[in-house]
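Let me begin by presenting the structure, written as structure tokens, before commenting on it.
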Number of protein chains: 2
Amino acid sequence: MKAGLQELLEDIQRVENLETFQSATERLRDLLGLSHVVYHWVNSVGERFGAGTYSSEWVDRYLEKDYLRMDPVIFGCFQRFTPVNWKQLDWSSKAAKAFLHDALAHGVGNQGYSIPIRGPNGQFALFTINDTSSDEAWETLIAETERDLVIIAHEFNKRALALDAREESAPAPTLSPRETAAVTHIAKGLSRAQAAAEMGISEHTLRVYIEAARHKLGALNTTHAVARALSNGLIIV
Amino acid sequence: MKAGLQELLEDIQRVENLETFQSATERLRDLLGLSHVVYHWVNSVGERFGAGTYSSEWVDRYLEKDYLRMDPVIFGCFQRFTPVNWKQLDWSSKAAKAFLHDALAHGVGNQGYSIPIRGPNGQFALFTINDTSSDEAWETLIAETERDLVIIAHEFNKRALALDAREESAPAPTLSPRETAAVTHIAKGLSRAQAAAEMGISEHTLRVYIEAARHKLGALNTTHAVARALSNGLIIV
DNA sequence: TCGCCCCTCGCTATTTCTGGGGAGGGTGAA
DNA sequence: TTCACCCTCCCCAGAAATAGCGAGGGGCGA
């Protein structure tokens, strides 16, 4: 592992806000000798955050032009699990070519490598490094640092999730065993009567469980309760 | 990185089926000198697979007793992103204690470390190492191999996803934008009427979307459709 | 052009769920 | 022991979802 990296990884776990996140990306960029390092994520509530070394002009332009919807990096990474070299992506569409041209004009390097990461509840993040170099030099660099990058990306995401969790401050309700079973059966598509039969209890009793679960979860109706239970990992279908 | 590990990682990418997956876990177990190594995953269609070194008696018993629903390891990992030491988990419930007792009686070691991994479309996997040892020895081992384990887990998952993608005759249902929006609103607890109002369409139209989504997802009712859409990562509440 | 899928709207009858209200006994922790 | 929570069962009326039928216009790729 590269010198100084270990220390940076530990500092990442002490990050408290977007500004310090940003300075971590800057340190990493300098450490690896790259043009850019960017960490960008969408939390479970759908809010987007970004910390990185792109110029503010480029970030503004990206948002203004809604490039998020045509960026092949986003597109490609959302569908896969493994890290991706930008050269592997599909840049054939007209929109993609225009986007690339604009990106290069705003200081983005021609080479990139992005690592998609997924957390609970649909959390999604992208860790990207970017530079200007030849294909050969880039591939050598990637081969050398690939594994470190995966570790770094994970450290970033771990911290981002921790910060998210702290803000949400949801007390995370727990369901009783019978409530869990009842909600699970309903989530599997059984009707109340079927679920009750499955559990060997009366439909009335089953209803009490579902109602109790609904109240605990703060759900508006049964379907909502199932959705929340699933999102919170309280049940597994 | 431990000697022989590099070679094993490369071999993982040549795995072709469950049997060779299994032998990879056995090699890893021997390499690290552990009691067990298990890789278990749920693909985007909800099918479960497992490859590991647990005795077949234990695997059978696990399935028979439906331990999946009370296993604190599954529960804990489903709710988090970062690797977890089994000792950190909540073993206080009665069911958890009974499960632990049974597990120990079937050759499962007292120490465990599990890495949750999430892929596209709600894919979820768990990479676990297990051994019998003291808390101190275990923590030392984890500290030493933590990063290698993350890499290994990723290599396993990369291959599992590749194999899934190849086999998957199930065309992985996709929802149209309006269907997605409709299902999302229902998942948030809105009634049909409210969801329709939110989308600015008639309730009848909304119903058509929900029905279409239900059929695509092979769901028995609306709640089931919501559960499947969530599990497959098609919607985010 | 044809076919497929998407988007939009309508009707009816039946089944199911929802939201209140009760009651009693069991268990585990403070 | 008390208190809180869990498990079980019951009634009812109104609201909502379901299953089935129908219609038409638009877009996109073969």
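Below, chains carry the letters A, B, ... as their sequence lines are ordered, and counting in each starts from 1.
- Donor-acceptor pairing under 3.5 Å is recorded for the side chains of A:Tyr39 and A:Asn157.
- Within the structure, the ring-ring contact (aromatic ring centres under 6.0 Å, His included) test picks out the following pairs touching residues 115-138 of chain B (sequence neighbours left out): B:Phe78-B:Phe124, B:Phe127-B:Phe156.
- Residues in residues 102-119 of chain A take part in these salt bridge (Lys or Arg N to Asp or Glu O under 4.0 Å) pairs, two or more places apart or across chains: A:Arg61-A:Asp102.
- Rounded to whole Å, the distance from CD on B:Glu211 to P on D:dG20 is 9 Å.
- The salt bridge (Lys or Arg N to Asp or Glu O under 4.0 Å) test applied to A:Lys87 returns A:Asp135, not counting sequence neighbours.
- Between A:Asn221 atom CG and C:dG20 atom P there is a gap of 13 Å when expressed in whole angstrom units.
- When the C1' atom of D:dA17 is taken as reference, atom CG of A:Leu220 falls 17 Å away, rounded to whole Å.
- Side chain of B:His40 to backbone of B:Gly50: no donor-acceptor contact under 3.5 angstrom is found.
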Heavy-atom contacts, protein to nucleotides 3-9 of chain D, under 4.0 Å, summarised as B (base), S (sugar-phosphate only) or - (none) per nt, yield ---SSBB
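- In terms of polar N and O atoms assigned as donor or acceptor, the side chain of B:Arg207 comes within less than 3.5 Å of the base of D:dG20 in a complementary pairing.
- Evaluation of the salt bridge (Lys or Arg N to Asp or Glu O under 4.0 Å) test over residues 194-204 of chain B, restricted to residues two or more places apart or in two chains, returns none.
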Readout for nucleotides 25-30 of chain C: B = base within 4.0 Å of protein heavy atom, S = sugar-phosphate only, - = neither; 5' to 3' it is ---S--
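- The closest donor-acceptor contact from the side chain of B:Gln123 to the backbone of B:Gly119 lies under 3.5 Å.
- OP1 or OP2 of D:dA19 has at least one side-chain nitrogen or oxygen of B:Arg214 nearer than 4.0 Å.
- Here the P atom of nucleotide C:dG19 and the NE2 atom of A:His224 are 13 Å apart, to the nearest Å.
- Remark: the backbone N or O of B:Ser133 is paired with a side-chain donor or acceptor of B:Gln111 at under 3.5 angstrom.
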